[in-house]
Amino acid sequence: WEIRSEIPVGSIVDDNQIRGTAYDGENYWFAGRGENAPMIYVLNSELELINQFEQPGNSRRGIRDLAWDGELFWGSGDGEVIGFNSDGEVLSQWEGPFNPNSFIAWDNERDLLWICSTLSNIVACDRNGELQISINQNSHRIYGLAYRQDDPDDCPLYVLHKKQEMGFSSMSKVNVETGEFIFIRDFTESGGMDLDGAFITQDYDR
């Protein structure tokens, strides 16, 4: 869990509220609050801003977390879950299980979206919004979801959460068959990092 690289996204795009992030194998995608409306920002491998557009949907607070399924980006800032392409065109939209549906990750093994809010259970829905699986969140305050297909402990769903007494971020991973949580990392060791969103990819490694 050593830091390999850092990108000063807020400075590059002039937005101090960067939240969700995803990597499509070529470019970095970020969800931010924007100056007048929530925005999507796209940076290339040289960390140059190559595109930006208003976030789809009607959430005034904007998307909290981003997921990428190889075709569409998924996110939500309210009761609607939205799937949109690289041009920002909405190709799928449905009422999610929570309001807001803050955090989201794509499960490429089951073709499901894992979704939760800060205090909800974690559920998996198909591309049409039909509920398939539910996992107890075990009293975690959740601030991000990510999926790692090749997890060595068969716990591919990663959960970014915060300890109530500390306020700093920690990471656990979950066996989606049994619902068992395994603690991984307490980021207080890194000077008390307060993280807000997570994404895991096998397509990027310096």
S.K.: Can you tell me how the ring of Y28 sits relative to the ring of Y23, calling it parallel under 30°, perpendicular over 60° and tilted otherwise?
M.R.: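 Taking Y23 first and then Y28, their aromatic rings sit tilted (interplane angle of 30° to 60°).
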
S.K.: For the residue pair S169 and K162, what are the closest heavy atoms and their distance?
M.R.: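 Nearest heavy atoms, S169 then K162: OG-CE, 3.8 Å.
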
S.K.: Cluster partners of V123, using ILVMFWY side-chain heavy atoms under 4.5 angstrom, listed by chain and number?
M.R.: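 Reading the cluster by chain and number, V123 sits alongside L72, W74, V81, L91, W94, F98, I104, W106, L113, I115, L131.
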
S.K.: Can you tell me how far apart CG (L49) and CG (N27) are? Round to the nearest 0.5 Å.
M.R.: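 The distance works out to 10.5 Å.
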
S.K.: Pairing donors with acceptors under 3.5 angstrom, does anything connect the side chains of W114 and D107?
M.R.: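 Yes, because at least one side-chain N or O of W114 sits under 3.5 Å from a partner of the opposite role on D107.
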
S.K.: Please check if Y143 and I182 belong to a single hydrophobic cluster, counting links between Ile, Leu, Val, Met, Phe, Trp and Tyr side chain heavy atoms closer than 4.5 Å.
M.R.: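 Hydrophobic grouping puts Y143 apart from I182.
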
S.K.: Parallel under 30°, tilted from 30 to 60°, perpendicular over 60°: which one fits the rings of W29 and F73?
M.R.: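 Plane angle between 30° and 60°, so tilted.
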
S.K.: Give me the atom names and distance for the closest heavy-atom approach of N121 to Q137.
M.R.: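 For N121 and Q137, the tightest heavy-atom pair comes out as OD1-N, 3.2 Å.
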
S.K.: Report, as yes or no, whether the 6.0 Å neighbourhood of atom CD on E109 holds more than 12 heavy atoms from other residues, nucleotides or ligands.
M.R.: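 Enclosed.
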
S.K.: Return the minimal non-hydrogen interatomic distance between I142 and L145, and the atom names on each side.
M.R.: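 Here I142 and L145 meet closest at CG2-CD2, 4.2 Å.
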
S.K.: Decide whether N108 and Q149 meet the rule of one side-chain donor and one side-chain acceptor closer than 3.5 Å.
M.R.: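 Yes - a donor-acceptor pair under 3.5 Å links their side chains.
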
S.K.: If you compare all heavy atoms of Q55 against all heavy atoms of A31, which two are closest, and at what distance to 0.1 Å?
M.R.: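 In terms of heavy atoms, the two residues are closest at NE2-CB, 3.6 Å.
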
